[in-house]
Amino acid sequence: MIPVSVTSSFFSAKGAVLMLCLFMLAALTLLGLAAASDRVLQARMASNLIEGSQAGQTADATLKWGEEWILGLDGLKRPTACSDACIATDVIRPEGSFGKNVEQQDLSWWEHNAHLAGKDPLTGGILNDR
């Protein structure tokens, strides 16, 4: 027969190893979750950077198209410099006529005032890439 003191210390040692393994497993799980969370955050940040860059490129292309369109008109068809009378038109708007926070307008405002990226606002056709 095995003495009682030997068996009880054997089982308590197994219990200690089990607890140590559970703590290590919990620590590794937390480390893995933190790494996965960081990866998701990095992916979102990269996506935002790409979308911001694309928005800037679209704005530049739109500005270039607008300048070429206005400069391509005959002298008589070119719009005159904007005055108080042209504020109500949708063709040319003076600086600041959209308000300070145009990016925070609701969807109906954008549906009325915006044009699709890469589309000709007059014909609806696709703009040439230059």
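Reckoned from all heavy atoms, side chains included, excluding hydrogens, waters and symmetry mates.
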Under 3.5 Å donor-acceptor pairs involving side-chain atoms of residues 47-54, not counting sequence neighbours:
none

Could you give the distance from [atom1] ([X]) to [atom2] ([Y]), rounded to the nearest 0.5 Å?
X     : Y     : atom1 : atom2 : result
Trp65 : Ile70 : CH2   : CD1   : 8.5 Å
Glu67 : Thr62 : CD    : OG1   : 11.0 Å
Met19 : Met24 : CE    : CE    : 13.5 Å
Leu30 : Leu25 : CG    : CG    : 9.5 Å

Partners passing side chain to side chain contact (heavy atoms under 4.5 Å, CB included) against Gln42 (at least two apart in sequence or in another chain) |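 Applying side chain to side chain contact (heavy atoms under 4.5 Å, CB included) to Gln42 gives Asp38.
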
Can you tell me if Ser37 uses its side chain to pair, donor with acceptor, with the backbone of Leu33 under 3.5 Å?
->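 Between the backbone of Leu33 and the side chain of Ser37 there is no qualifying donor-acceptor contact (under 3.5 Å).
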
Mind checking what makes side chain to side chain donor-acceptor pair (under 3.5 Å) contact with Thr29, not counting sequence neighbours?
->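 With sequence neighbours excluded, Thr29 shows a side chain to side chain donor-acceptor pair (under 3.5 Å) to no residue whatsoever.
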
